[in-house]
Structure formats: C-alpha cells, structure tokens
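Read through the structure below, which is laid out as structure tokens, and then see the notes.
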Amino acid sequence: MCSRSAKNGVTMQEIWEAKSRIKPIVKETPLIQSSILKEKMDASVYLKLENLHEIGAFKVRGAANKMSSLTDEEKAHGVTTFSTGNHGLAVAYVAKQLGIRAVICISNRVPDAKVHAIEQLEAEVVKVGESQDEAEKYCQKLEKTEKLTIIKPFDDPFVIAGQGTIGIELIEKVPAIDAAIIPLSGGGLFAGIGLALKAYNPDVKLIGVSMEKSAVMAESLKAGKPVILPESDTLADSLLGGIGLNNEYTFSLVRDLIDEMIHVSEAEIAAGMAFILDQHRMVVEGAAAAGVAAMLSNKCNINAQHIATIVTGNNVNTSVVSDVLYNQLNNPVIRW
Ligand SMILES: *Cc1c(COP(=O)(O)O)cnc(C)c1O
C-alpha cells in the first residue's frame, strides 16, 4: 500500500489516501477571496480558512490521518504527545473521536488555560519538569512503559500527508492556482501542501513565510542542515519550536520544494491579524495571518495569477487581539 517514491518522501497516493481516511473526522474548509489583496497583488487572492476547524487549526488533519492509521493494538494502548499548542489539542480531539486514550505531557510552565482546553477534550494531562525537553523525555518513557504511540507534530509521513489534503482541496476549487504562501515552522504543512500542488502543476511557486526571529526552518535551510535557535517572543507563537536535529522528512522536503522564503515583522503580523478581522470578520492567531502580512507589506513580489494563502488557526488570547486592534486603530503601520 504505502509505497514511497523516494526515501524520506511522501507520495501523492498517500495524500489521496489521507483525504478519504480523515473524512469522518475532518470537515472541508471554505476558500474565500480578498478584493483588497486582489488589487494589491494584481492577482486573485484566496484565503483557505483552516481557522474554522472545530479545534481552530489545521493540525487536526495530520493527527487524524496518523491516528486513524494505527493498528488496533496500537489504538488499544493509546497515544501520547508533548506539544501544548494546536498539535496537542488536535491529538486530544482526534483521540476522543476515535475513542482512544491520549496522554499529553506538558511542563509546569504551560499556562492553565491551555491545560484546561486539553482536559476539556478528556485527554489526560501529565505535568513534568520545567521545559518542553523534559516533557518530551517523559513521552518517550511512556512509549516504553505503557506502549503508547508518540504522535509527532510534523516529522511523520502520515502527518505530512494529512496536512497535504489542504492542497487537494485547493486544486479542487481553483485548479489554476499558480502560487501559494504558506506559514512555515516544522514544515509539515508546507511539505504536504507543496507536494500536492507541485504534483498537479510543477510550475507552481511555493513561498514559505515565518516571523523574523527564531525562524528555525529558514536558518536550517541556509545552514544546509537542521540548527537550533533560542525562542523569542512573537505574535506567531505557533511558528516557534525546533525542527529536530534528527529531522527525517520535513527538512529535505521543504528544501526541495521551496521557491522563496519571506520573513514578516511583528508589526506586519499584527497588521495581517487586524486586516482579517476588519475585512473578513474573523479572529485569527499571528501565525495564521503571516501570509496576508507578507502581501500587505509588499514583501511578496511573485508573478502569479491565482495566489492562495493558508489562514492556519485561531488560537489566540482575547487580550492579544484587543492590543492588535487598538494599535491598528490608533497607530497603524500598514493601511488598506
Ligand atoms: C503548526 C502550525 C503552523 C506551522 O505548521 P508546521 O507544519 O509546523 O510548519 C502554522 N500555523 C499554525 C496555527 C499552527 O498551529
């Protein structure tokens, strides 16, 4: 079944299989157009609304594909992960849908609001140590002692194929898409969508977008190998985190697929969030506004007719949204 065209690759067939596998759990998301961005880019601009999933982020796709593919024995033992952000929520949500046990390992530094969101999905939360690293080690211990399967956030062919289903949905609605601007962190989203779009149109332009500081994938691509960077405060907190020094899949896939990398400033990310709120009446998180920010800031000069960007999620504190909106109304860096 799951034949791979190349070592460390993911095939189009696996993305098609993912599409039917996740269907019982994941709804298709809408695609809308922006008239202001159309004028600005001199091209049709489409926003793929991955913020509208029940858990508020696309990560449910990868988690659903991976967890639905487990053997009955693996499902009976359950799963574990150490991510606290959207991936942790996705694993907890899918586990509930499939009726399997999920243990989310977090450090004592994780805010209570996040812990409660995961507990509401009936997942078990284990608090260990003071850092992500300690939580990860505990996960590995659970893998051995309780036979739980670790669900990785991006560096897994099933997760990549799950995120790639966004690419199929894009092509089904707008076959003429010739450029995509994709928020980039660990690269599961970029690799999955990139594979699907390039398989359909080898000339499609694939643009990654990250914040300015702590853009680990971008720095790793420059260095030619995975690197480690300290984390910095950013509105795009979902784009933080390493890619793993032993990265097996996403580093080489992103390296081979990417045409251009764009970095957006905090002010530009804020403008992107305010734009989506003002123009499309939706609250989104910083990472989700990065593609719109790249276009609003004139940093994206591509020669394309049909540009898609992914609005990846909506998990942001109301106080952050309030600040962003206040600044846009009183002291705007970008106007539209
Ligand atoms: C995880 C995430 C991303 C980045 O996805 P990767 O596969 O890690 O590159 C972007 N936006 C949001 C909201 C996310 O949760």
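In listed order, ligands and their atoms are each counted from 1.
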side-chain contact (heavy atoms from CB on, under 4.5 Å) involving Tyr200 - partner list, sequence neighbours excluded: Ile171, Pro175
Pair Glu212, Ser265: side-chain N/O donor-acceptor within cut-off below 3.5 Å: no
Only distances under 3.5 Å count here; give the side-chain donor-acceptor pairs of residues 317-326 to other protein atoms, sequence neighbours excluded, each with its distance to 0.1 Å.
none

Spacing of Thr309 atom OG1 and Ile182 atom CD1 [to the nearest 0.5 Å]: 8.0 Å
Linked, directly or transitively: Ile166 and Leu184 (ILVMFWY side chains, under 4.5 Å): yes
Tabulate distances under 3.5 Å between N/O atoms of ligand 1 and N/O atoms of the protein, writing both atom names on each line.
{"from": "ligand 1", "atom 1": "7 (O)", "to": "Gly188", "atom 2": "N", "distance (Å)": "2.9"}
{"from": "ligand 1", "atom 1": "7 (O)", "to": "Leu189", "atom 2": "N", "distance (Å)": "2.9"}
{"from": "ligand 1", "atom 1": "8 (O)", "to": "Gly186", "atom 2": "N", "distance (Å)": "2.9"}
{"from": "ligand 1", "atom 1": "9 (O)", "to": "Ser185", "atom 2": "N", "distance (Å)": "2.9"}
{"from": "ligand 1", "atom 1": "9 (O)", "to": "Gly186", "atom 2": "N", "distance (Å)": "3.2"}
{"from": "ligand 1", "atom 1": "9 (O)", "to": "Gly187", "atom 2": "N", "distance (Å)": "2.7"}
{"from": "ligand 1", "atom 1": "11 (N)", "to": "Thr312", "atom 2": "OG1", "distance (Å)": "2.8"}
{"from": "ligand 1", "atom 1": "15 (O)", "to": "Lys59", "atom 2": "NZ", "distance (Å)": "2.6"}
{"from": "ligand 1", "atom 1": "15 (O)", "to": "Asn86", "atom 2": "ND2", "distance (Å)": "2.8"}

Pairwise salt bridge (charged side-chain N to carboxylate O under 4.0 Å, His left out) hits with a residue in residues 173-184, at least two apart: none
